[in-house]
There are 2 protein chains.
Amino acid sequence: MSVTSEIVKDFKNFIKKKGLKYTSEREEILKEILKSKQHFDVDELYMKLRKKGSKVSKASVYRTIPLLVEAGYIQEVYKQDSRSYYEVTLDKLPHIHFICIKCKSVDEIIDDYLAERIQEEAKNKNYTPLTYHLEIFGICHKCKKGV
Amino acid sequence: MSVTSEIVKDFKNFIKKKGLKYTSEREEILKEILKSKQHFDVDELYMKLRKKGSKVSKASVYRTIPLLVEAGYIQEVYKQDSRSYYEVTLDKLPHIHFICIKCKSVDEIIDDYLAERIQEEAKNKNYTPLTYHLEIFGICHKCKKGV
DNA sequence: TTTAATCTTGAGAATAAGTTTCAAATTAAA
DNA sequence: TTTAATTTGAAACTTATTCTCAAGATTAAA
Ligand SMILES: [Mn+2]
Ligand SMILES: [Mn+2]
Ligand SMILES: [Zn+2]
Ligand SMILES: [Zn+2]
């Protein structure tokens, strides 16, 4: 069984356990998201679905995202220009996002040690950490060179 | 000379150097911000000014904030519910903000080592870091105990 | 199956932070 | 002063996200 259909089955279970109804819209949205290999926002996702001929409304996309976050398949990873960006978080720990303030490009940096230390800091302060956002704002290599 | 009037003088200089005009509105806003000991958002700041009898408009508050960020007196430190929060950054390095997803309280955690490592990570990747946001989302001690 | 209760949907209205517009007021240099 | 350039307040605008509600879909029971 493919990873995707495994997740779809899991999601159906999750929905049922919550006493909600499993709909084709919810499944369509999940499947489309699982195809994304990068960060995405609601508009991008919605446009992809429409192009494929899907009839889901933007409202349903907005309504499904919190469910997928709760189920643990995606996470909000940063906000830019008052828009939220998400990414699939299968086996993926939170990580650093470097955001270039000139070209708005976003790059990922993984640092396991840093991730661990962040967890520790929360625990030291008697907090129960769930997730985190670490965004470094600056100038990327290309913009520095004036490309 | 007080720290505040020193900064006010500096700010006047900064404004002049940019070829802009030094106005009472800009000074009022700066002075009010310097009084804040915690994180603030535009609405809070605007309300404080109005209560004091100030006639500044919200538009001017929105227009002055980027100048104060550029001058280095304040920084945007996190976003919550589609609102930006700022704080005075006199001698204050960026630091960790722990945000309780239940009570929405925000706590600060300082970790110089972490701060240094974040800078290094950016440089390793050939980025010029300017600032960063590190927000840990979780449950605070009080909320865990059900207070 | 049918039924019936409950939930979800799409469409569009509503909300609200932040930005823009523009005429009137203010600044600052001469 | 005079004058050119900038800034202001008020209100209109923009835009992501949320809300509303009637119509349609799902589910468990009959
Ligand atoms: Mn990422
Ligand atoms: Mn802080
Ligand atoms: Zn760049
Ligand atoms: Zn709390």
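Quick note: numbers below take in every heavy atom, side chains included, and nothing from hydrogens, waters or symmetry partners. In what follows, chains are A, B, ... by sequence order, proteins preceding strands, each numbered from 1.
Using a 4.0 Å cut-off between a side-chain N of Lys or Arg and a carboxylate O of Asp or Glu, Lys79(A) and Glu135(B) do not qualify as a salt bridge.
Residue pairs meeting the ring pair (Phe, Tyr, Trp, His ring centres under 6.0 Å) criterion with at least one partner in residues 56-77 of chain A, sequence neighbours excluded, do not occur; the list is empty. For residues 12-23 of chain B, every residue pair satisfying the salt bridge (charged side-chain N to carboxylate O under 4.0 Å, His left out) rule, not counting sequence neighbours, is listed here: Lys18(B)-Glu70(B).
In this structure Glu120(B) satisfies the side chain to side chain donor-acceptor pair (under 3.5 Å) test with no other residue, sequence neighbours excluded. Qualifying side chain to side chain donor-acceptor pair (under 3.5 Å) partners for Lys55(A), counting only residues two or more places apart in sequence or in other chains: none. In this structure Lys123(B) satisfies the side chain to side chain donor-acceptor pair (under 3.5 Å) test with no other residue, sequence neighbours excluded. Every residue two or more places apart in sequence or in another chain that forms a salt bridge (charged side-chain N to carboxylate O under 4.0 Å, His left out) with Lys35(A) is listed here: Glu32(A). Every ring pair (Phe, Tyr, Trp, His ring centres under 6.0 Å) that Tyr78(A) has, sequence neighbours left out, goes to His39(A), Tyr85(A), His97(A). Under the salt bridge (charged side-chain N to carboxylate O under 4.0 Å, His left out) criterion, Arg50(B) pairs with no residue at all, not counting sequence neighbours.
In the hydrophobic clustering (ILVMFWY side chains linked at under 4.5 Å, chained through shared members), Tyr113(A) is joined by Tyr113(B).
DNA chain C lies under 4.0 Å from at least one heavy atom of each of the following residues of residues 15-30 of chain B: Lys16(B), Lys21(B), Tyr22(B).
Taking every nucleotide of DNA chain D with any atom under 4.0 Å from a non-hydrogen atom of chain A, the first and last of them, 5' to 3', are dA16(D) to dT27(D).
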Please tabulate, one pair per line, each protein N/O and nucleotide N/O from nucleotides 18-25 of chain C that are separated by under 3.5 Å, including the distance.
from: dG18(C); atom 1: OP1; to: Ser84(B); atom 2: N; distance (Å): 3.1
from: dG18(C); atom 1: OP1; to: Ser84(B); atom 2: OG; distance (Å): 3.4
from: dG18(C); atom 1: OP2; to: Tyr62(B); atom 2: OH; distance (Å): 2.8
from: dT21(C); atom 1: O4; to: Arg63(B); atom 2: NH1; distance (Å): 3.3

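Between Lys12(B) and Asp81(B), the residue anchored nearer the 5' end of DNA chain C, judged by the nucleotide with its closest heavy atom, is Asp81(B).
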